[in-house]
Amino acid sequence: MKKYLRAYLISLQETLQRRSSLVMDRLGGVAVMLSLYYFWKTLLSGRPAFLGYSYPQMLTYVLGMNILRSFALTGRGWELVGEISSGKISSYLVRPLNYHGYALALDLSQKTVHLFAALLEIGALLIFFHPPFYLQKSVAAMSLFIGSLLMASLLFFFLEFLVSSLAFWTSESGGPLFFFELFIQFAAGAFFPLDVLPRLLQKGLSLSPFPYLVFLPINIYLGRVGQGRALQDLLISFVWTVVFAAASLHVWRKGLASYSAEGG
Amino acid sequence: MNAIEVNSLQKEYQVFDRKPGLGGSIGSVFWREWKNIKAVDSISFRIGEGELVGFLGANGAGKTTTLKILSGLLTPTSGNVEVLGFEPWRREREFQKQISLVMGQRTQLWWEIPAQETFRLNQAIYGLPDKQYRESLDELVEMLDLKDCLAVPVKKLSLGQRMRAELAAALLHRPKILLLDEPTLGLDVVMQKKVREFILDYNKKWKASILLTSHNMADLTALCPRVLILEKGKLIYNGNLESLVRQYAENKIIRIVFDGDVPASAIAALGGTADSQKTGMWVSVPRSEVSKKAALLLSSFPVADLTIEEASVDEIVRKIFSKS
Amino acid sequence: MRKYFRVWWKMSSMSLMAQISHPLGSLGFLLGKIVRVVFFFAFIIAIFQHVKSLAGYSLEETALFFLTFNIVDISAQILFRGIYNARRAVTEGDFDFYLIQPCSALFRLSLTTFDFLDALTLLPVLWVTLEILHHLSPSAFSLHSFLYFLLTINAVAIASSFHIFVAGLAVRTQELENTIWIYRDIMFMGRFPSGVYGPMFQFFLTFIIPIAVMTTFPVRAFLGLLSWKWMAYSFFLSTMLLGLSFWFWEKSVRQYTSSSS
């Protein structure tokens, strides 16, 4: 356990040190947040509600998106793909280390930094723009929100790990990861709430693991999901997480086997 | 007519002095102490049409900087340079069509696809008519033995094959000036020999002026009648390689293979060194005494074979540098 | 000119060959690019199931803003895909070859990897755009559609100047590969008509980082909502930025050839 804590701390320093790429990552997120903030502000002006979202709820959805993007939808997918295709991965494999645990520790350190950055950005936005903000006061709803946030983060970790592991088979697997990243932002509700979509599409997505990544946690926060229902959803997302954890471990082992068979 | 004329060429770089440690790197954000470094320090030389000249010197002596100036990649701080009558750093198209630069560690070949595609690209870049391109390509493929490498993705070629394809890509437009930076770097002995033979052939066939740098003495002895030696940016020797060898190699080396056993004390008595298997010895002798010593050795030992060798160029260069 | 076309053609077909050599990777990139366009488009259509207008614009008009953003964005990517690898090209020495060969180094650097996946995404975007243009203004050759065309080209010119700046930075500093991503990130705001943003941001997007000029102005001209003054400003801006960026590029190359080792 101690070595993973160490990895977490070292990576924390490293993330903070590479300031220019951190700033760049954040800038992208801020641009998205501001665009959508203004988009909904304009759309809802002169309207009390849209699709059941009150004006404060919709704007809070946009701010919540920034938190979820930062904590749930960040990972080391590109680094992993790079390490696999350059062969650097083997230097980890010879150490007495569980790579998934190690990667999770590094992931968490990035998520920590990005979460704080997101909170700062939202703070600044609240100070400068004074948007109406939906504050969740119920302790139960808040705990459920935090639970769903953690679960979303873990689910994304295994999903991304699964896709990145494809690099074991294709020399250039940035492609699948690129698609995955874009697709998941839409399918998870990280650009807009999924209720906007046609019913059929919503139904389809609700059978997938994606809404549990962003859409559900924010809706729990906004109190749009009853607590009983929220608990049930949390359970489902737990099942998804277990499924994808198993799948990603399996693919990882297969990948390693084919990797060593080819001699790296 | 001279293909290359260089007069009091000077090239200075500015680098900033980075203080060690965290304090230093934070400090360097705000103030930097600049330091001038003379990479090339007022050198002059000429290279005639069709001449093959070697460039010699330790790392950082200024060889690559000079090649980069001659190819137009770097602008000198001062001095005159004329290559085929052009100032290289103006990078005029007419000039660029007549030169080529090959860098041993760098490649212009596209990694993922066959080398012939890069050749075609160069055809377009240099504006070669189809007929000329075909002729030139056929000839290079023949000379470099590239027939089987053309259609294979470059990443699947061996280092030697890649280097030869690299040379072909650089020579399709039949440059009059060829600048080679470490062309045999990393190649095995057989491949080195092949590349050397090709360079010599190309030089003879097209009267191209070739300037090459190498750490590999075999390259220079095989290819370059004349060498330029740089040290710390200064030209310290410009002339014949053989006379250089003669000038610095006061001693020759006599090697003997024994026919039977010889006691170590007897070898030591004649100033020799036994070789590792104890089946022979060698001794270093001043030029003037070679024949006398050889006769003495022949009469003292049961000799199966005796050879007299020049000291290696490697050794000579080390000597030159230690003297200056 | 013909030579440059030949070089471009050859480089493009070579990039195509290289991309085909990893089908799975290329498929991923292609799908990603398509998802990005299609999902946003679907989002806009879905929104208009519930409202009649956005910042005063109808569905078709809003879609036109979004499509114009994509035309400008994708065209710039097609023209300057190589810039995304500029730092690598400089540090690994490819750029040295560009400099000593008889062909413009900026041209080589920018177009060295033609992304045919971008071209594939651009075609349907162009098609839908033409459909909408036709629907909004049935006469094909009106003054307004001509202005739309001109201002879209103008927008690509502005995008080009940003890319040339970034190329100059890469040559000069041999780092800052991130700079191009600042542009990409802020460009996100171009997806919606600039009328959506508050007055402060509109000012910012018109004068500081002229995304509005690139993505909103062409459509507003088409709709007859853009005054001559703003059009003049657009053309002035692109001329100035292009001039500055070429100047900066030349300066950077001069510095590169006098300082690198």
Side-chain angles (χ1 to χ4, degrees), chain A residues 18-47 49-51 81 85 128-129 163 166-167 169-187 191-199 201-202, chain C residues 18-19 21-40 42-51 53-57 62 117 175-198 200-202 204-205 209 211:
Chain A
R18 280 198 313 233
R19 240 163 317 173
S20 71
S21 70
L22 179 65
V23 168
M24 221 60 68
D25 279 353
R26 297 315 309 169
L27 201 66
V30 170
V32 171
M33 179 167 71
L34 277 177
S35 290
L36 294 170
Y37 170 81
Y38 275 112
F39 176 86
W40 290 114
K41 195 174 161 199
T42 308
L43 196 84
L44 276 148
S45 64
R47 239 182 230 104
F50 184 80
L51 291 171
V81 167
S85 32
F128 290 118
F129 295 89
V163 177
L166 291 178
W169 290 276
T170 61
S171 59
E172 197 235 16
S173 104
L177 189 61
F178 179 78
F179 168 69
F180 167 78
E181 279 187 345
L182 276 167
F183 176 78
I184 214 160
Q185 291 186 54
F186 288 103
F191 276 129
F192 45 79
L194 297 175
D195 333 52
V196 171
L197 296 172
R199 276 234 174 246
L201 216 57
Q202 282 187 52
Chain C
Q19 279 178 338
S21 67
H22 345 265
L24 184 64
S26 300
L27 184 71
F29 279 110
L30 181 62
L31 287 179
K33 285 166 201 283
I34 291 174
V35 156
R36 191 164 50 190
V37 177
V38 168
F39 269 61
F40 259 110
F43 167 62
I44 290 169
I45 293 175
I47 287 286
F48 275 88
Q49 302 298 309
H50 307 283
V51 299
S53 73
L54 173 70
Y57 297 112
T62 308
L117 301 176
E175 44 191 68
L176 290 172
E177 59 187 334
N178 288 329
T179 342
I180 194 69
W181 296 107
I182 297 188
Y183 160 80
R184 306 267 322 136
D185 288 340
I186 296 178
M187 253 320 248
F188 184 91
M189 301 186 104
R191 284 183 163 80
F192 305 124
S194 65
V196 161
Y197 304 106
M200 191 184 88
F201 260 94
Q202 280 196 53
F204 178 78
L205 295 176
I209 299 178
I211 290 172

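So you know, we letter chains A, B, ... as the sequences are listed, proteins then strands, and number each from 1.
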(message) With a 4.5 angstrom heavy-atom cut-off, is it the side chain or the backbone of A/Leu51 that approaches chain C, or both, or neither?
(response) side chain
(request) Name the member of C/Ala55, C/Ser53, C/Gly198 that forms the most heavy-atom pairs with chain A at distances under 4.5 Å. (result) C/Gly198
(request) May I ask you to decide if C/Gln19's main-chain N or O and C/Ser26's side chain share a donor-acceptor pair within less than 3.5 Å? (result) yes
(message) If I compare all heavy atoms of A/Trp40 with all of C/Ile47, which pair ends up nearest, and what's the gap?
(response) CH2-CD1, 3.4 Å
Validation: residues 176-183 of chain A side-chain donor-acceptor distances under 3.5 Å, sequence neighbours left out:
from, atom 1, to, atom 2, distance (Å)
A/Glu181, OE1, A/Trp78, NE1, 3.3
A/Glu181, OE2, A/Trp78, NE1, 3.0

(message) Quick check: C/Phe201 with A/Tyr37 (ring centres under 6.0 Å apart)?
(response) no
Under a 4.5 Å heavy-atom cut-off, does chain A meet the side chain of [X], its backbone, both or neither?
{"X": "C/Phe40", "result": "both"}
{"X": "C/Leu31", "result": "both"}
{"X": "C/Phe192", "result": "side chain"}

(message) Measuring only between side-chain heavy atoms, which start at C-beta, is A/Val32 closer than 4.5 Å to A/Phe191?
(response) yes
